[in-house]
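Working notes for the structure below.
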Amino acid sequence: MTVESHHHIDEYLPLLDGLHEQYSVHLDKFDGPLDLLLHLIRKNELDICDISIAIITRQYLDFIKAMKDLNLEVAGDFLVMAATLLQIKSRQLLPVVEPEDQEVDETDPREELIRRLQEYQQYKDAGMLFGARALLGREVFVRTAFEPALVAAQNVEGPLEASLFELVDAFRVLLLKIPVETFHDVAPGDSLSIADCINDILSQLQEHNTVQFNDLVKDELTRERVIVTFLALLELCRLKLIRIFQGSVHGSIWFVPAVAADPSEVINTDEF
Amino acid sequence: MNSELSAIIESLIFTADSALSTDRICDLLTEFERGEVKSALSGLVEYHQGRGGGFELIEVAGGWQFRTRPAFHSYITRHIKTRAAKFSQSALETLAIVAYRQPLTRAEVEHLRGVDCGGVLKTLLEKHLVRILGKKDIPGRPLIYGTSKEFLEVFGLKDLKSLPTLREIQALGEQPKFERQEELQLEPDKVIPMESYLPFE
Amino acid sequence: MNSELSAIIESLIFTADSALSTDRICDLLTEFERGEVKSALSGLVEYHQGRGGGFELIEVAGGWQFRTRPAFHSYITRHIKTRAAKFSQSALETLAIVAYRQPLTRAEVEHLRGVDCGGVLKTLLEKHLVRILGKKDIPGRPLIYGTSKEFLEVFGLKDLKSLPTLREIQALGEQPKFERQEELQLEPDKVIPMESYLPFE
């Protein structure tokens with residue numbers, strides 16, 4: 001076995017050769033630290049379930065060192081794995097001090113890593129299988145010509161189709177064209193926002209004609225939720241989108257949409 | 001008739017975006033004689049006419065093309081007229097603005113898009129993707145728009161809060177430099193045997 | 001078999017610009033029974049398989065579509081510009097993870113791959129192979145991803161259930177330990193029963 005032989009940087013030079021000419025560095029064919037580890041395991045003909053951490057760690061570190069020596073930027077993910085390997089290695093080196101103590105360290109420190117490698121191997125193989133299929137546009141083709149008689153027939157009443165990503169992306173592209181100051185961020189941060197709350201209320205009013213204030217806050221009866229909900233209601237009221245009613249003093253507050261939206265009616269009357 | 005050649009010619013005509021001339025087919029299939037190609041073509045025409053399927057092989061505009069039989073046009077237009085259409089860019093943009101900035105008025109939509117949006121908004125209203133929430137209490141009392149329940153259905157959203165934010169999409173783009181990578185190049189001449197094409201069956 | 005109906009169905013599928021589902025065909029052809037439509041469809045599949053032409057009728061992405069036989073791709077690409085169907089290894093890996101583990105978040109993909117996946121996910125979103133399903137109900141409400149209809153179309157899959165199970169993939173990987181690197185050849189005669197196809201254990 002050559003595994004114990006010295007792993008000089010030269011060994012990696014052919015592998016890395018040419019890489020540094022590229023403006024962005026990708027560690028050759030290694031799609032991340034797990035991929036590199038699998039490569040090392042295979043190269044050393046090790047059993048994935050019984051890898052020698054000592055060998056793998058050294059070669060892994062050599063590899064990273066070679067990258068650095070060549071002034072290649074080493075991705076953070078690779079360094080995290082290096083730390084993990086060293087940690088496992090050091091845990092293996094630690095003598096079991098008190099054997100009569102509970103079997104705390106009974107588990108193999110490599111276990112978690114092995115499980116991840118095995119799982120990763122599955123998806124890597126699955127990806128290869130995907131790539132080996134007859135792909136539309138590569139090995140398999142569909143008809144592209146359209147019949148003149150049918151081109152004339154236009155889609156009139158059919159539904160529309162688009163993906164969420166297209167929607168966000170359209171918005172993103174649009175924003176790039178617009179000066180920044182035009183914008184206020186509707187939903188800043190992850191905490192409760194009035195904008196979210198307004199959307200929530202609007203959604204509910206689509207399904208019910210009347211909504212009670214209590215229903216809006218019953219799932220999360222916190223001071224913050226009540227205040228934000230109340231502010232959202234005031235805002236909606238100011239925009240004249242809802243009408244608020246209260247049955248009696250201290251009675252329950254409920255509200256209805258201010259306009260029963262029948263688009264056809266309204267469109268013709270004013271805007272269009 | 002060389003049936004392998006016939007099948008190859010069929011696949012060529014099938015995938016061409018306009019009628020394919022005999023000359024062109026011969027140019028593409030240099031390994032076959034012109035005579036073979038011609039007889040394969042007439043064999044194919046006869047075959048498709050005889051089988052009485054939904055389409056046939058027709059010589060049009062100096063080339064060959066598969067066309068549906070005219071008798072079936074009424075069925076086909078049923079599909080064409082009612083199939084799901086892709087959003088136009090302006091419809092998508094307008095819908096995006098309404099979705100992310102609701103409640104808002106037409107003037108606000110137009111301010112963002114920089115063009116008149118009356119027509120697009122009307123279409124979106126008619127498709128029930130956008131709805132009128134009310135009227136704004138400012139001079140002119142303009143209508144206020146928001147998205148509808150159908151909007152959520154079309155995009156498969158549980159509620160408006162499930163709309164991805166711009167920040168989330170932009171965060172995806174902010175990739176570390178090393179992740180940008182080359183596409184895996186396939187050797188162009190690598191011919192994979194038939195069996196390996198369908199690895200899962 | 002009603003041959004008029006078969007011809008009508010053929011013409012519908014032939015002119016549709018994407019796979020046509022059985023439901024859609026039944027909706028369009030209200031004058032025929034669902035049972036009739038279904039048996040006509042299976043008759044057509046068999047017929048086109050048997051005739052050995054340039055294209056065949058395939059069930060893909062929950063619908064029916066005529067597609068060229070893979071064996072002829074080298075001829076077809078002589079006159080058709082291939083649509084970018086190049087995938088990097090990381091794109092395929094990420095796609096596999098999304099396909100088998102969906103619905104899942106970016107963080108989950110990254111945990112499995114051990115590397116940042118924002119850029120790859122964005123590319124897959126742009127190629128419409130992956131789609132945003134919504135947001136997960138956990139702190140931070142991260143986006144959740146799944147595969148799209150286009151994914152099934154591009155990879156020629158009838159549905160997600162027709163993916164091989166991870167167990168089957170693992171079994172493949174265990175056979176030749178070191179030679180497996182370049183081309184994963186599957187034994188053509190290995191027939192996996194349909195029932196075992198549930199990929200989401």
Side-chain angles (χ1 to χ4, degrees), chain B residues 3 6-17 20 24 28-29 51-55 66 68-69 71-73 75-76 78-80 82-83 156-158 161-164 168-169 171-176 178-186 188 191-192 194-201, chain C residues 3 6-17 20 24 28-29 52-55 66 68-72 74-76 78-80 84 86-92 106 115-122 125 132-135 141-143 156-157 162-164 183-186 188 191-192:
Chain B
S3 75
S6 296
I8 293 170
I9 293 176
E10 256 195 6
S11 73
L12 288 176
I13 297 173
F14 178 79
T15 50
D17 51 12
L20 215 55
R24 177 79 177 134
L28 291 169
L29 302 176
R51 75 182 192 89
F55 50 87
F66 283 109
T68 51
R69 294 192 10 227
F72 301 134
H73 280 187
Y75 295 104
I76 297 161
R78 286 186 203 174
H79 169 60
I80 304 279
T82 56
R83 73 184 161 182
L157 291 165
K158 208 173 74 188
K161 274 191 296 189
S162 305
L163 260 179
E168 286 158 345
I169 295 298
L172 281 179
E174 287 156 13
Q175 46 184 313
F178 56 84
E179 248 301 302
R180 210 177 299 129
Q181 43 200 254
E182 304 298 295
E183 296 278 275
L184 199 74
Q185 281 291 351
L186 291 164
V191 179
I192 309 163
M194 246 326 254
E195 288 76 24
S196 72
Y197 274 144
L198 304 162
F200 306 144
E201 269 91 338
Chain C
S3 76
S6 296
I8 294 170
I9 293 175
E10 245 193 36
S11 71
L12 283 175
I13 297 173
F14 190 74
T15 48
D17 49 10
L20 215 54
R24 175 81 174 138
L28 290 168
L29 303 176
F55 48 87
F66 282 109
T68 58
R69 286 177 35 209
F72 299 134
S74 62
Y75 297 103
I76 296 165
R78 292 181 193 178
H79 80 119
I80 288 270
K86 284 180 192 161
F87 292 99
S88 64
Q89 190 201 320
S90 57
L92 288 170
R106 172 181 169 181
V115 72
D116 179 278
C117 296
V120 188
L121 274 174
K122 191 159 186 241
L125 279 168
I132 297 165
L133 300 177
K135 292 187 183 179
R141 296 186 44 81
L143 293 176
L157 294 161
S162 46
L163 285 172
E183 182 67 83
L184 204 82
Q185 285 287 357
L186 289 174
V191 179
I192 308 160

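The chains referred to below are lettered A, B, ... by the order of the sequence lines, with proteins before strands, and numbering in each begins at 1.
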(message) Going by ring pair (Phe, Tyr, Trp, His ring centres under 6.0 Å), name the residues that satisfy it together with C/Phe72, two or more places apart in sequence or in a different chain.
(response) none

(request) Would you check if there is a donor-acceptor pair between the side chains of C/His79 and B/Arg24 at a distance under 3.5 Å? (result) no

(request) May I ask you to decide if the ring planes of C/Phe55 and B/Phe55 are parallel, tilted or perpendicular, using 30° and 60° as cut-offs? (result) tilted

(message) Just verifying a value: how many Å separate B/Leu172 CG and C/Leu143 CG, rounded to the nearest 0.5 Å?
(response) 7.0 Å

(message) Heavy-atom cut-off 4.5 Å, strictly under: side chain, backbone, both or neither for B/Phe14 against chain C?
(response) side chain

(request) Scan side-chain atoms only and decide if B/Arg51 and C/Ser3 contain a donor-acceptor pair under the 3.5 Å cut-off. (result) no

(request) Answer with side chain, backbone, both or neither: which region of C/Ile9 has an atom nearer than 4.5 Å to a non-hydrogen atom of chain B? (result) neither

(message) Under 4.5 Å from any heavy atom of chain C, what part of B/Leu20 do you find: side chain, backbone, both or neither?
(response) side chain

(message) Can you tell me which portion of C/Ile132 sits under 4.5 Å from chain B's heavy atoms? Options are side chain, backbone, both or neither.
(response) side chain

(message) Check this for me: does any side-chain nitrogen of one of C/Lys135 and B/Glu168 sit under 4.0 Å from a carboxylate oxygen of the other?
(response) yes

(message) Quick check for you: among B/Leu163, B/Leu157, B/Ile8, B/Leu29, which has the greatest number of heavy-atom pairs under 4.5 Å with chain C?
(response) B/Ile8

(message) Under the rule for side-chain contact (heavy atoms from CB on, under 4.5 Å), what residues qualify as partners of B/Asp17, not counting sequence neighbours?
(response) A/Thr144

(message) Using heavy-atom distances under 4.5 Å, tell me whether B/Ala16 contacts chain C through its side chain, its backbone, both, or neither.
(response) both

